[in-house]
Participant: 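Please see the structure below; I have some questions.
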There are 2 protein chains.
Amino acid sequence: MDAAVTNKEITIKDVAKQANVSVATVSRVLNGRDRVSDATRKKILKIIEELNFVPSTMAASMVKKKTNMLAVVVPEIQNPFYTAVIGGTVEIANNEGFFTIVISTNGNETEEEEFFESFLSKNVDGIVLIGTHREAGFYRNIRKPTILVDRYINDSGHDGVLIDNYRGAYEATKHFVDYGHERIAIIDGEHDFNDGKDRYWGYRQAMLEGGLTPDPKYHKQGKWLEEDGYRFAMELLQAEQPPTAIFAANNVICKGVIRAVRDLNLQIGEDISLIGFDENELAQFVQPRVTVVARPTREMGVQAAEMLIQKIKGEPKEQAKPKKVILDVELMKYGSVKKLK
Amino acid sequence: MDAAVTNKEITIKDVAKQANVSVATVSRVLNGRDRVSDATRKKILKIIEELNFVPSTMAASMVKKKTNMLAVVVPEIQNPFYTAVIGGTVEIANNEGFFTIVISTNGNETEEEEFFESFLSKNVDGIVLIGTHREAGFYRNIRKPTILVDRYINDSGHDGVLIDNYRGAYEATKHFVDYGHERIAIIDGEHDFNDGKDRYWGYRQAMLEGGLTPDPKYHKQGKWLEEDGYRFAMELLQAEQPPTAIFAANNVICKGVIRAVRDLNLQIGEDISLIGFDENELAQFVQPRVTVVARPTREMGVQAAEMLIQKIKGEPKEQAKPKKVILDVELMKYGSVKKLK
DNA sequence: TTGAAAGCGGTACCAA
DNA sequence: TTGGTACCGCTTTCAA
């Protein structure tokens, strides 16, 4: 007698009753696999329409053990690099019939762990992960199909989509060298992931090949923050012997550098040469545009989603060996590097 | 005999068996509501730990009819305004024990509908929605707790979190007027949502109050795109009688205007005065910074999430009346408006 | 304090 | 081509 008016969810049973068939048959037309006579199919379809019935994907997931949900886990949701990756992933996922949960770990290992323990491992079919953890053990514990993006951890046991950070940094630095620069500074951050480390070593290698010795006082390490870019650029540019060129090893550092240059009333490409890593709006807006190592951000998300879905759909056969897909970077010469001599 | 080695998911049954108790008891310690003797509780907890058991939230959701998932639906995931809203929502949601699905409709009504029909209405407890649809009917059909953000539709039957677009535009325009401007242009887009319309009428009102007649040739309507901002600014600035001030009615239009001004080698705040709507990085970077109508973007997501969760947790009592929360905007005077005396 | 058992809303196997 | 029914993994009465 209670809740007569309540918006009671209608279920497959209601449809079956109305249509005078069994739930099994309704289920059949829902899934479209088994054959059902045209007459009953039409009848059922009509009732579904009338009753405005929407099957519970949850109930289905429970028996199928497939949720059709992916998770994409990023350290931070406001950084345009991450939203680009998310965008690429979401697009492919939707095309393939998957929904996507977006989770931000705030670059916090504890939060990351909690998410994995409590939820992900049970309720999604696969994960696109831009990890915060540094130890391989954490990744090996993830027993779901997972693709690591951008930050790759060796021995994690998962596939990865990365870019050639080493080469990007190498090309950038070599460009400086080719244009006659000798006092070339690099602003980066901690080297606890492959990406940051590789960029530094690419820089270093190009220096050495150019007959230059990397000078510690031109290597500024912060935390990969815009503020670091600003602060270190200020320091460098006001030093007794300022560098003639700065390599900003990620997109937000580059922003900071640009601000510093502006605040010191200097001219990019004239008073100081600059190359950034990764496109960013500011860098492309200033005059002259800042030369950057461009990476295919959105494409990384696309690749990751494609690999992930293939893995989910594919045989659960023994995975040969974790596969790394390395996408190309390109040095976009926009004119912020001055030719010396 | 099959699949002996397979990574079989362990369930509540396994735990019960190991602990020599019933599944009911295990469920009790899982949920912590009912009382369980300390001894058994400890025993069970230990086994859970050993077996590394993680309960299936799906199974629980099915009987509880609560998924602990929210959806936030946005037209587009790359726009920083939307990611800020998402960020605010996700933060609150996580604090309150909810996960968040992010869905991008690509500003496409059909995609939006598909999502709602197929999935949302069944599998999430509530929705934060920045809608694409224009008709109230669509919204009335959503029978889940829903908060409309930014774009409000009357008669939708849902609560909303908005900003005072009218006042923002009014203040901006009045600022121009106060500084002696008379030829004041506005670049906006279609008026199919309240936000755009209100901005236009705010502009209009301030003009009239200032004794100025809005001149159609200074009202440029595009599609709210950066490209529109660029194109129309180009047109306006190269006209026979160019305006002395431009009100760019959203963030991306403002970017376009800035680019146009730069490409024409003009000086903001000198050759052309400019006010934008909403903060954007470019506007705050150029020299002088562009005066903007600032709105609390992230805060909108926070508010929406709080209202939503309260609604979900609260009594399903008859909702008095859809509630609109209107957040304040503020004119940030950064110096891009010239005083014409 | 604990256990037995009836679901939640579907799917899929076995029979008819 | 259809129906009956045993689950999926958990929660929640009701009884013990």
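Lettering of chains follows the sequences in order, A, B, ..., and the numbering in each one begins at 1.
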Participant: Rounded at 0.5 Å granularity, tell me how far CD in B/Gln18 sits from CG in B/Asp14.
Facilitator: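 Separation between the atoms: 8.0 Å.
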Participant: So, do A/Tyr152 and A/Phe193 have ring centers that fall under 6.0 Å from each other?
Facilitator: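 No - the distance between ring centres of A/Tyr152 and A/Phe193 does not fall below the 6.0 Å cut-off.
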Participant: Would you say that A/Ile142 contacts A/Phe116 through its side chain, given a criterion of any heavy-atom pair below 4.5 Å between the two side chains?
Facilitator: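 Counting from C-beta outward, A/Ile142 and A/Phe116 do come under 4.5 Å.
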Participant: State which residues pass salt bridge (Lys or Arg N to Asp or Glu O under 4.0 Å) with A/Lys46; sequence neighbours excluded, sorted by chain then number.
Facilitator: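 Result, salt bridge (Lys or Arg N to Asp or Glu O under 4.0 Å) vs A/Lys46: A/Glu50.
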Participant: Per the salt bridge (charged side-chain N to carboxylate O under 4.0 Å, His left out) rule, what does the pair list look like for residues 15-28 of chain B, sequence neighbours excluded?
Facilitator: B/Arg28-B/Asp34
Participant: Exactly one of A/Ile103, A/Ile312, A/Leu70, A/Ile101 should register a side-chain contact (heavy atoms from CB on, under 4.5 Å) with A/Val124. Which one does?
Facilitator: A/Ile101
Participant: Picking from B/Lys324, B/Lys321, B/Lys311, what satisfies salt bridge (charged side-chain N to carboxylate O under 4.0 Å, His left out) with B/Asp159?
Facilitator: B/Lys311
Participant: Under 4.0 Å from any atom of DNA chain C, heavy atoms only: list the residues of residues 57-70 of chain B that qualify, in numerical order.
Facilitator: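 B/Met62, B/Val63, B/Lys65, in order of number.
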Participant: Keeping B/Arg140 on the side-chain end and B/Asp155 on the backbone end, is there a donor-acceptor pair under 3.5 Å?
Facilitator: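 Flag set: sc B/Arg140 to bb B/Asp155 pair under 3.5 Å.
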Participant: Taking salt bridge (charged side-chain N to carboxylate O under 4.0 Å, His left out) as the cut-off, I'd like each qualifying pair that reaches into residues 75-96 of chain B, sequence neighbours left out, listed once.
Facilitator: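 Residue pairs with at least one partner in residues 75-96 of chain B: B/Glu91-B/Arg298, B/Glu96-B/Lys313.
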Participant: Kindly state which residues belonging to residues 36-48 of chain A come within less than 4.0 angstrom of DNA chain D, counting heavy atoms of the residue only, listed by number.
Facilitator: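 Heavy-atom cutoff 4.0 Å gives A/Val36, A/Ser37, A/Thr40.
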Participant: Considering only heavy atoms from C-beta outward, does the side chain of A/Val21 approach that of A/Val26 to under 4.5 Å?
Facilitator: yes
Participant: Can you name the closest pair of heavy atoms from B/Pro55 and B/Leu30 and give their distance?
Facilitator: CB-CD2, 4.1 Å
Participant: Quick check on contacts: within residues 49-56 of chain B, what sits under 4.0 Å from DNA chain D by heavy-atom distance?
Facilitator: B/Phe53, B/Pro55, B/Ser56
Participant: Taking any atom closer than 4.0 angstrom to a non-hydrogen atom of chain A, what span of DNA chain C does the protein reach, first nucleotide to last?
Facilitator: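 Answer, 5' to 3': C/dC8 to C/dC13.
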Participant: Just do the side chain to side chain contact (heavy atoms under 4.5 Å, CB included) check on A/Thr132 and A/Asn108 with the steps written out, would you?
Facilitator: CA-CA 7 Å; A/Thr132 291; A/Asn108 177 324; 5.9 Å; no
Participant: A/Thr67: which residues meet the side-chain hydrogen bond (donor to acceptor under 3.5 Å, both in side chains) condition with it, sequence neighbours left out?
Facilitator: A/Asp125
Participant: Below 4.0 angstrom, which residues in residues 15-34 of chain A have at least one non-hydrogen atom near DNA chain C?
Facilitator: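 Result for residues 15-34 of chain A: A/Ala24, A/Ser27, A/Arg28, A/Asn31, sorted by number.
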Participant: So does A/Val85 get a backbone contact from the side chain of A/Thr89, meaning a donor-acceptor N/O pair under 3.5 Å?
Facilitator: yes
Participant: Just so I know, are the side chains of B/Met69 and B/Phe98 near enough to count as touching, which here means a heavy-atom distance under 4.5 Å?
Facilitator: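 Sidechains of B/Phe98 and B/Met69: no contact.
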Participant: Need two values: the first and the last nucleotide of DNA chain D, 5' to 3', having an atom under 4.0 Å from any heavy-atom of chain A.
Facilitator: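 Footprint of chain A along DNA chain D, 5' to 3': D/dT1 to D/dG9.
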Participant: Between A/Ser61 (side chain only) and A/Thr57 (backbone N and O only), is there a donor and an acceptor less than 3.5 Å apart?
Facilitator: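 Flag set: sc A/Ser61 to bb A/Thr57 pair under 3.5 Å.
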Participant: How close do A/Ile163 and A/Ile326 get, counting heavy atoms only, and between which atoms?
Facilitator: C-CG2, 3.9 Å
Participant: Checking A/Tyr139 side chain against A/His133 main chain: does a donor-acceptor pair fall under 3.5 Å?
Facilitator: yes
Participant: Donor-acceptor pair, distance only, cut-off 3.5 Å: does the side chain of A/Thr146 make one with the backbone of A/Lys144?
Facilitator: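 Between the backbone of A/Lys144 and the side chain of A/Thr146 there is a qualifying donor-acceptor contact (under 3.5 Å).
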Participant: How far does the helix from C/dT1-D/dA16 to C/dA16-D/dT1 bend, going by the axes of its first and last five pairs, to the nearest 10°?
Facilitator: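 So the angle between the two local helix axes works out to 40°.
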Participant: Scan residues 127-139 of chain B for pairs that pass salt bridge (charged side-chain N to carboxylate O under 4.0 Å, His left out), counting only residues two or more places apart or in two chains.
Facilitator: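 For residues 127-139 of chain B, and leaving out neighbouring residues, the salt bridge (charged side-chain N to carboxylate O under 4.0 Å, His left out) pairs sorted by first residue read B/Glu109-B/Arg134, B/Arg134-B/Asp192.
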